[in-house]
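Let me begin by presenting the structure, written as C-alpha cells, before commenting on it.
Values in this document were obtained by computation on a predicted structure and should not be read as measured data. Just so you know, residue 1 is the first one in the sequence shown, and it goes up from there. Below, each value reflects all heavy atoms present in this structure, side chains not excepted, and no hydrogens, waters or symmetry copies.
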Amino acid sequence: MKDGWKNKTMWTFIGGAATALAGSKFLKSDTAHDLAVKGLAGGMKFKSDTTYKYETIKEDAKDLLEEAKVQNEGE
C-alpha cells in the first residue's frame with residue numbers, strides 16, 4: 001500500500017477525474033451561464049463598435065478624396 005501513495009500515474013488520474021467532475025459541475029451552474037452570456041454580449045458590442053468606427057473612417061476618407069479631386073481640378 002505504501003507504493004500506492006507514491007504512484008504518480010495514480011495521482012494524475014485521480015487529479016484529472018476530480019478536475020473533470022468539478023469542471024462539469026461548474027459548466028452546469030448559473031454562474032458559468034452568466035459569464036458566457038456576458039462574454040458573448042461584450043464580443044457583440046465590440047464588433048458593433050468596431051464596424052461603426054470603420055464605416056465612419058471610410059466615409060471621412062471618401063470625403064477627403066473628393067475634396068482633393070475638386071481642389072486639384074481648380075488648380
Side-chain angles (χ1 to χ4, degrees):
M1 184 66 182
K2 289 183 181 179
D3 291 336
W5 294 106
K6 295 181 181 178
N7 189 341
K8 291 182 182 180
T9 305
M10 179 187 73
W11 285 111
T12 302
F13 175 77
I14 291 172
T19 302
L21 180 63
S24 172
K25 295 286 184 183
F26 175 73
L27 290 176
K28 292 178 183 176
S29 71
D30 290 337
T31 303
H33 179 269
D34 292 344
L35 286 172
V37 169
K38 287 179 183 177
L40 184 59
M44 291 171 71
K45 182 179 182 322
F46 176 75
K47 181 185 178 226
S48 175
D49 292 346
T50 304
T51 303
Y52 173 75
K53 289 179 183 178
Y54 168 76
E55 290 299 326
T56 302
I57 291 169
K58 187 176 171 182
E59 289 173 11
D60 290 346
K62 283 182 180 180
D63 291 344
L64 288 172
L65 178 62
E66 289 301 318
E67 287 176 16
K69 284 181 181 179
V70 169
Q71 192 174 36
N72 282 339
E73 289 174 1
E75 292 180 359

Does K47 offer a backbone N or O that forms a donor-acceptor pair with the side chain of T51 under 3.5 Å?
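Yes, because the side chain of T51 sits within donor-acceptor range (under 3.5 Å) of the backbone of K47.
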Once salt bridge (Lys or Arg N to Asp or Glu O under 4.0 Å) is applied, do any residues pair with K45, and if so which ones, sequence neighbours excluded?
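K45: salt bridge (Lys or Arg N to Asp or Glu O under 4.0 Å) contacts with D49.
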What pairs of donor and acceptor atoms, side-chain ones from residues 14-31 against any protein atom, are under 3.5 angstrom apart with sequence neighbours left out?
residue: T19; atom: OG1; partner: G15; partner atom: O; Å: 2.8
residue: S29; atom: OG; partner: F26; partner atom: O; Å: 2.6
residue: S29; atom: OG; partner: A32; partner atom: N; Å: 3.3

Value rounded to 0.5 Å, distance of CD1 in I57 from NZ in K62
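NZ of K62 is found 13.5 Å from CD1 of I57.
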If we only count heavy atoms from C-beta on, is the K58 to E55 side-chain gap below 4.5 Å?
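SC-SC contact between K58 and E55 confirmed.
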